[in-house]
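The first residue in the sequence is number 1, and the count goes up from there. Order of listing sets the numbers, starting from 1, for every ligand and every atom in it.
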Amino acid sequence: MLDQRLLPRQEIYRRYRDHHEVAEAIRAMVIRGAPAIGVAAAMGIALGALNATAAADEEFDAHFERVCNEMAAARPTAVNLFWAIDRMQGVYRNARPGGIGAVCAALIQEAVRMHAEDIEANRAMGRHGQVLIPDGARVLTHCNAGALATAGYGTALGVIRAAVEAGKRVEVYADETRPFLQGARLTAWELQKDGIPVTVITDGMAGHFMQAGRIDCVIVGADRIAANGDVANKIGTYSVAVLAKENRIPFYVAAPTSTFDLSMPDGSHIPIEERGAEEVRRIQGIPITSDDTQVANPAFDVTPNRYVSAIIAERGIARQPYLGNLRAMRSANSE
Ligand code: MRU
């Protein structure tokens, strides 16, 4: 894994050999972004099974359950993690009668397949979504929903990439995204590598740029989308969505159907991760408050569906009423 905590200053790849290490890498945000977390968890689960091939048959089932539970405890908000675990558990059940060797081979194959499918989903989202981006658009994004947050290409940044590949001129404004700085450190790094013009602004500047007529649309990713189209995404997304509506700017969400959680009727049920105080008290290790300053650090917020102009998925573009339209899109996906 490319260690995303160190970007853009250092590009260091880490090798993990067991599922404990993978779960810890997800928790510590060595890897982050909903689809990337899902694929990493699937690979971690395959590693966990492989490392227990010497176990007795009954012990293997209990071991596999522990592996899945440990992975599920890594982070709570991105539903792709739980979607990936469910999928690996299904593969496990089907392959189990063939013995431990068959289970391991099937789990590895499935994790590799999920990696490839995610890239394909991002490309499809790009094809659908790029029609929403006009030539010459100035696009605001929040957090990082790029190649780093997925198996490759990206969701929100995938749509931007596809617009550029279609010959459009696109300029990106990237919110810095306090406290982990995904926008400043990761989105800017990715877009610069691709030669796509990007300007980093601090989170508090977004409204000013919108009011000044300098933003044409907003596009973000998602960590979990409820059945009614409420969207959980990186903390600060809700403020951006409200500002976009106030300024009559379309607000788009790009996310694969693996990010839909249709078991949740609305966003109020989505668990919001609260991360450690040190992420807010320090920037890249440098204290910005006194050590005993009380801080809060919710990592995500929920944007009500009324602010969402469209949801771009690998099957196409959904609009209001999301209740029904998302369900139709998800079931078309499993045909
Ligand atoms: O805490 P993070 O960095 O994992 O949060 C990531 C986001 O909120 C992304 O916008 C979301 O996962 C979509 S990534 C394609």
Nitrogen or oxygen atoms of Gln182 and ligand 1 under 3.5 Å apart:
yes
Please report whether ligand 1 has a polar contact with Asn233, defined as an N or O pair separated by less than 3.5 Å (distance criterion only).
yes
At a non-hydrogen distance cut-off of under 4.0 Å, which region of Pro35 contacts ligand 1 (side chain, backbone, both, or neither)?
side chain
Nitrogen or oxygen of Thr155 less than 3.5 angstrom from that of ligand 1
no
Looking at Lys234, which atoms of ligand 1 are within less than 4.0 Å of one of its heavy atoms?
1 (O), 2 (P), 5 (O), 8 (O)
Taking the six-membered ring of Tyr153 as reference, does the NZ or CZ atom of Arg123 fall below 6.0 Å from its centre and within a 45° cone about the axis?
yes
Distance filter under 4.0 Å to Ala149 heavy atoms, resulting ligand 1 atoms:
14 (S), 15 (C)
Could you tell me whether Arg75 approaches ligand 1 through its side chain, its backbone, both or neither, with non-hydrogen atoms closer than 4.0 Å?
side chain
Charged N to carboxylate O under 4.0 angstrom, Glu176 versus Arg178?
no
Identify, by atom number and element, the atoms of ligand 1 in contact range of Ala34, meaning under 4.0 Å from any of its heavy atoms.
12 (O), 14 (S)
In terms of side-chain geometry, is the basic nitrogen of Asp223 or Arg75 positioned less than 4.0 Å from the acidic oxygen of its partner?
no
For ligand 1, is there an N or O atom under 3.5 Å from any N or O atom of Gly33?
yes
Rounded to the nearest 0.5 Å, what separates atom CZ in Arg224 from atom NE2 in His269?
11.5 Å
